[in-house]
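Computed over heavy atoms, backbone and side chain alike; hydrogens, waters and symmetry mates excluded.
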Amino acid sequence: QTCALPISTHYRFCRFTYSTELTEAGRTWLDAQLFKGPPVYDGAVILPESFAGLSSARVALSILGVRPALHIVAENDPYCLRVIRHWWPDAHVFTSVEAVTEAALNPILSGAPQARLLIHTAGSPCPGFCRWNPFKLQADSQQLKDSLRLFYEVIRINKVLKRIVPHMRVATMEENVCSMTSEQRDFLSAELKQEPVKCSLADLTDQRRERYFWMNWKCSERDEVSIEQRPGFKRVRLLPVSKQPERVWISPGWRRAHPESPFPTLTRPCAVPKPRWRTPGVDTADEATLERWVADSHRRPPAHYTEAVMLVGSSGKKRFKEPEEDERLHGYPRHYTWSCYNGQERRRDPAGFRDRRGMLLGNCFSPLVVAYLLSEILFAEKLIAKPVPITQLAAERTCIHQSPRRSPCSEDAEGTEQAELCMKRMMRHLMGFQSARGNEIRAVSSRTQARRSEEHTSELQSHAAS
């Protein structure tokens, strides 16, 4: 239907269309877009990312509608940094985790005096832990030594952050591959003093990607979330009513040849003339699969070249997934990795551009899964009023129920420790509205901001009258 509304004397009418057949979920989502509440998240969350990669945690927060007050990134891959600087220009970038020190972080973190929650996410390099790496079990493996050294950098940064902001809740999350041995997993758990949860992207989309997450907060079981205790970890299953719709990720005019099975876990493509030693899946692959594998220079294991993972066009032509489709399957915006090459590099080396995008996605952890995990800590810290519905998350149409902003000096404070905490919050709240002269705070109460606004309004009115 089309309606016309007068909006000004210059533009007579504004026309818009709307659907009369929206579902209940559609109406809820549309209401959230048209009648958004105040930006209660602005200034409430700080997001440091170590070994940020493609900055999956920042993408996850954007899916949830949360804009962090500060975004700090530690990453040394120049192609990842191109993507991060393109999509998140407000990020404070460190090109090595060793440079993330207390002296370097202090002036940055002082820029968010009203923050209530700091979430430190990390995905330390996994070559020393990955099961498919034939060299990882050697006692003198340099890859294993490097992976452990960088893993301890995550623990060091966790301690640094807790020292800098002792008044703030510091949430930590470390990610790594599920293909590590149980002994390695238990060793990492003992060092982090946390039991990991195991999540799979295949619960939400047609893409398989299982990862361990060590977090210092808990996931709650509910209608769309099932938690099962396993030896050494907890298996968290996300149970949406329907997974990510195929139209969300696949290019128009194409369909899956065999939609009943998910795509294999995406790996880094690496073109080599001869197969790598002990490549998984070679012994079980059929002849046609091996021919396609050889034709693509053994870039990925044979499981990525089976008939089941191919797409079929309207004319009957078959092909494999494009990087844009891999991006959407993992939860990234379309063309998210496009900026890893500039225009001249893309024209000069199109095959290298495609491989580079595949390498970046092969190292990522899914923003959709991270969005679920981060929503749990947001709910625990009462930044959102209700848990995020998993079905909405799978469709990337999350409708967040915001918690009302509470006064930093609330009346329900009980006990001396709680009263002192409220007083600290109130002082940070007041300092955020103080000018450089330091004499504009005139009332100390839960209505300080409102009174100060009234005073400024009366001052402006009297000044205008004079």
Side-chain angles (χ1 to χ4, degrees), residues 50-51 53 56 120-158 171-204 207-221 225-239 261-268 276-284 300-303 330 362-366 368-370 372-373 376:
S50 300
F51 307 103
S56 297
H120 177 218
T121 64
S124 58
C126 64
F129 304 127
C130 182
R131 180 178 59 172
W132 310 120
N133 183 0
F135 306 102
K136 72 181 181 68
L137 294 179
Q138 298 179 4
D140 59 344
S141 171
Q142 186 60 40
Q143 290 181 338
L144 179 58
K145 293 178 181 179
D146 290 341
S147 293
L148 287 173
R149 177 179 61 84
L150 296 174
F151 166 76
Y152 282 114
E153 285 294 323
V154 176
I155 298 178
R156 179 187 66 82
I157 295 175
N158 286 339
T172 62
M173 182 179 75
E174 156 72 4
E175 172 270 350
N176 221 302
V177 294
C178 285
S179 59
M180 65 176 62
T181 63
S182 58
E183 292 79 9
Q184 290 175 332
R185 181 199 62 217
D186 295 340
F187 172 79
L188 298 185
S189 299
E191 294 296 312
L192 291 167
K193 297 180 177 60
Q194 297 159 10
E195 186 181 51
V197 298
K198 181 179 179 180
C199 297
S200 176
L201 178 59
D203 292 344
L204 301 174
Q207 178 68 55
R208 185 182 293 117
R209 195 171 197 87
E210 293 185 340
R211 287 293 185 268
Y212 284 132
F213 295 91
W214 287 263
M215 312 172 300
N216 64 351
W217 68 88
K218 295 182 179 180
C219 298
S220 57
E221 192 168 14
V225 179
S226 172
I227 301 178
E228 180 184 356
Q229 183 66 52
R230 300 281 187 85
F233 67 95
K234 292 181 179 179
R235 174 66 170 99
V236 176
R237 297 184 184 275
L238 306 181
L239 308 171
S261 59
F263 294 104
T265 302
L266 202 64
T267 59
R268 292 168 54 95
R276 289 178 292 274
W277 181 45
R278 294 177 62 180
T279 299
V282 176
D283 298 336
T284 59
R300 289 190 169 107
H330 285 79
N363 270 347
C364 77
F365 48 98
S366 169
L368 287 177
V369 174
V370 177
Y372 157 71
L373 297 174
E376 293 294 290

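Pairing each heavy atom of Ile155 with each of Leu192, the nearest pair is CG1-CD2, 3.9 Å. Across all their heavy atoms, Ser366 and His330 have their closest contact at OG-O, 2.8 Å. Cys219 and Tyr372 get closest at one heavy-atom pair: CB-OH, 3.5 Å. Between Pro125 and Leu150, the shortest heavy-atom distance links the atoms CG-CD1, 3.4 Å. The two atoms that bring Trp214 and Ser189 nearest to each other are NE1-OG, 2.9 Å, heavy atoms only. For Ala202 against Arg208, the heavy-atom pair with the smallest separation is CB-CA, 4.1 Å.
Residues Glu153 and Ser124 bring no donor and acceptor atom of their side chains to less than 3.5 Å of each other. If you check the side chains of Thr265 and Glu210, you find no donor sitting under 3.5 Å from an acceptor.
In this structure, the side chain of Arg237 does not engage the main chain of Glu228 through any donor-acceptor pair within 3.5 Å. A donor-acceptor distance shorter than 3.5 angstrom exists from the side chain of Gln207 to the backbone of Pro264, with no hydrogens or angles considered. Panel note: side chain Ser56, backbone Phe365; a donor-acceptor pair is recorded below 3.5 Å. Thr267 contributes no side-chain N or O that, together with a main-chain N or O of Gly362, makes up a donor-acceptor pair within less than 3.5 Å. Without hydrogens or angle criteria, Trp217 side chain to Leu373 main chain gives a donor-acceptor distance under 3.5 Å.
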>> Evaluate Met180 against Leu188 for side chain to side chain contact (heavy atoms under 4.5 Å, CB included), listing each step before the verdict.
In response: CA-CA 11 Å; Met180 65 176 62; Leu188 298 185; 3.8 Å; yes
> Between Thr121 and Glu175, is a side chain to side chain donor-acceptor pair (under 3.5 Å) present by the stated rule, with each step listed?
Replying inline: CA-CA 8 Å; Thr121 64; Glu175 172 270 350; over 6 Å; no
>> Pair Val225, Leu238 - check side chain to side chain contact (heavy atoms under 4.5 Å, CB included), show working.
In response: CA-CA 5 Å; Val225 179; Leu238 306 181; 4.2 Å; yes
> His120 and Val154: side chain to side chain contact (heavy atoms under 4.5 Å, CB included), yes or no, with the steps?
Replying inline: CA-CA 9 Å; His120 177 218; Val154 176; 4.3 Å; yes
>> Set out, in order, the CA-CA distance, both residues' side-chain angles and the distance that settles side chain to side chain contact (heavy atoms under 4.5 Å, CB included) for Glu221 and Ser226, then state yes or no.
In response: CA-CA 6 Å; Glu221 192 168 14; Ser226 172; 4.1 Å; yes
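In summary, of the residues considered (Phe213, Phe151, Phe51), a side-chain contact (heavy atoms from CB on, under 4.5 Å) with Glu174 occurs for Phe151 alone.
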